[in-house]
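In what follows, a structure is listed as structure tokens, so that the remarks can point back to it.
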Amino acid sequence: MRFKNHTLTLLLGAALVGCATEPPPAPAKAAAPTAAVAPAPAAVTPPAPPPTPAAVRNMISTCYSCHGTDGRSAGSIPGLTGMNAKQAETMLKGFKSGELPATVMMRLAKGYTDAELEALANYIGTNLK
Amino acid sequence: MSKITRRDFLKIAGAASAAGVLGHAALARAAEGGKGSARVVVVGGGFGGATCTKYLRRLDPGIAVTLVEPNAKFITCPFSNLVLGGLRTMDSITHGFDALKKKHGVNVMHDTVTAIDAAGKKVTLKSGKTLSYDRLVVSPGIDFKFDTIEGYSEKAAEIMPHAWKAGPQTVLLQSKLKAMKDGGVVVIAAPANPFRCPPGPYERAGMIAHYLKEHKPKSKVLILDAKDAFSKQGLFLDGWKKVYGDMIEWVPGAKGGVVMAVDTKKMVVDTTLDKHKAAVVNLIPPQTAGKIALASGLADDKGWCPVDPRTFESKMQPGVHVIGDSSIAGALPKSAFAASSEAKMCAAAIVALFKGETPAESSLVNTCYSLIAPKYGISVAGVYKVTEKGITEVPGAGGVSPKDAPDSFRENEAKYTVGWYQSITADIWG
């Protein structure tokens, strides 16, 4: 089933740039208080508020196990340096949607909300040189 | 009042250490007005412990971090199966602590913690020294329940190695594989859950088969499993068939896989149904949290350590954090990657707690590669969050490599298996 997605990737590959330039869903301010009291059902993801800077540092630190400390890879897995935030966002969201083929990143990127991926992309573009 | 220089601090710390209480002066200073540095002692220099020391220092260089690790160098369980397959040397899976000392300012002591006094916030070392701490991190890995299989013991492991702690046991198993005659059976006895590295026994089967295929092609690998299902099962079974034909046989628990007894003299393994005569036996016994965790009242009656899922602080002993294989970390597996991920969250939580802040939201990841053959890699991945149910996997994400993927996909994952090892070990000990 997963593999069907992978095939789809090849078909949709050309659409990637178009998709990525669409404005990200605005993290509506009104959503924040609702999210705070909602019992958060597992299946439906409410529009989450952007993660705090400390939460982003926690998230990015887990990437370093494969991509190297501060994104400077020690081996064959690509590092995270030399990208601007927009490029990083395009990649991460491409992995999440399955439009950008990968081995493991397609599975991992699905574990983050769009707001989290945007925050990670920002961190990569700003801090990882 | 008086300005204390780094040199003065070291002198004081040195003197205190000589007196047997490292950093007593710093504690007094901290109590007086927060001028001294907070002290964290980390027990165990493996994937959990070593990561924790480095990330504590990265997050707050003001924290004095001491690592207590008995061995001068650490040998990783990840890639020890590749040593058995002849793809790696022991040297290449051995890591020193120089970078942690010199680059990250971690005080590394090669000693063993023999007792934890959680109430008095101090640990006793084998050498007789005592270390005081503000917070303690315990990452001792696993220990074995040797007595659950009749005829097996620590001594019997010299004849039927477990090789489930990398080092002399790995070398011993390798030497037995090298010494066996062509046509023999290598038995791998895999334990019931939970145990360290769920895909490990099955990666090992492939790596041993790789060695046998090249050197002793008439031999077989027989996996006697206490379980009826295992990690990445479909991918392993497909891969074995494809690469090794009928060389690897897996016997699930329900069909006679449960090992009840062994005879080390006759090299016979007894299961609920059969007796198997083997040329080499790799018996991986059931496990518990590391010895020091059990001895310090950190474990529950099943032998593993309950922790707060956000901070990894023990639910049994305040001020003591337990990470890695010893901890009960919800949906996270007992893997090297998970241990390192837990260590990073634990370090961040400790830094926050020292500042009197609430720890930020955790993010935990697991990514485990297994090699079936040198150019045949598979993986499992997962993203984890802390919810009211503890550490839970984010639904809709993660999972194993696709079934029926082309050879190029398996080859890429084999390449990333090596990249994974290079990166994670550099992230921890580099």
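Contact annotation for residues 410-417 of chain B against chain A (heavy-atom separation below 4.5 Å, listed by residue number): B:Asn412, B:Glu413, B:Lys415, B:Tyr416. Chain B is approached within less than 4.5 Å, heavy atom to heavy atom, by A:Asn58, A:Met59, A:Ser61, A:Thr62, A:Tyr64, A:Ser65, A:Cys66 from residues 56-66 of chain A, ordered by number.
Residues satisfying the ring pair (Phe, Tyr, Trp, His ring centres under 6.0 Å) criterion with A:Tyr112, sequence neighbours excluded, are absent altogether. For B:Phe312, there are no ring pair (Phe, Tyr, Trp, His ring centres under 6.0 Å) partners at least two apart in sequence or on another chain.
Here the closest heavy-atom approach between residue B:Ser379 and residue A:Val104 is recorded as OG-CG2, 4.1 Å. Across A:Ile77 and B:Trp420, no two heavy atoms sit closer than the pair CD1-N, 3.4 Å. Looking at every heavy atom in both residues, A:Ala55 comes nearest to B:Ala360 through N-CB, 3.7 Å.
Neither the backbone nor the side chain of B:Tyr421 has a heavy atom closer than 4.5 Å to any heavy atom of chain A. With a 4.5 Å cut-off on non-hydrogen atoms, B:Tyr55 touches chain A through its side chain but not through its backbone. Only the side chain of B:Thr367 comes within contact range of chain A, judged by heavy atoms closer than 4.5 Å.
The OG1 atom of A:Thr103 lies 13.0 Å from the CD1 atom of B:Ile378; values are rounded to the nearest 0.5 Å. If you take OG on B:Ser401 and CZ on A:Arg107, they are separated by 4.0 Å, rounding to the nearest 0.5 Å.
Heavy-atom pairs under 4.5 Å with chain A were tallied for B:Thr392, B:Val383, B:Thr387; the largest tally goes to B:Val383. For the set B:Val380, B:Val394, B:Ile428, B:Asp427, the count of heavy-atom pairs under 4.5 angstrom toward chain A peaks at B:Asp427.
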Decide yes or no on salt bridge (charged side-chain N to carboxylate O under 4.0 Å, His left out) for B:Arg58 and A:Asp70, but give the supporting numbers first.
CA-CA 11 Å; B:Arg58 273 169 58 88; A:Asp70 294 325; 2.9 Å; yes
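Residue A:Met105 places its CE atom among more than 12 non-hydrogen atoms of other residues, nucleotides or ligands, all under 6.0 Å distant. Other residues, nucleotides and ligands contribute over 12 non-hydrogen atoms within 6.0 Å of the NZ atom of B:Lys385. Counting non-hydrogen atoms of other residues, nucleotides and ligands closer than 6.0 Å to NZ of B:Lys103 gives a total of 12 or fewer.
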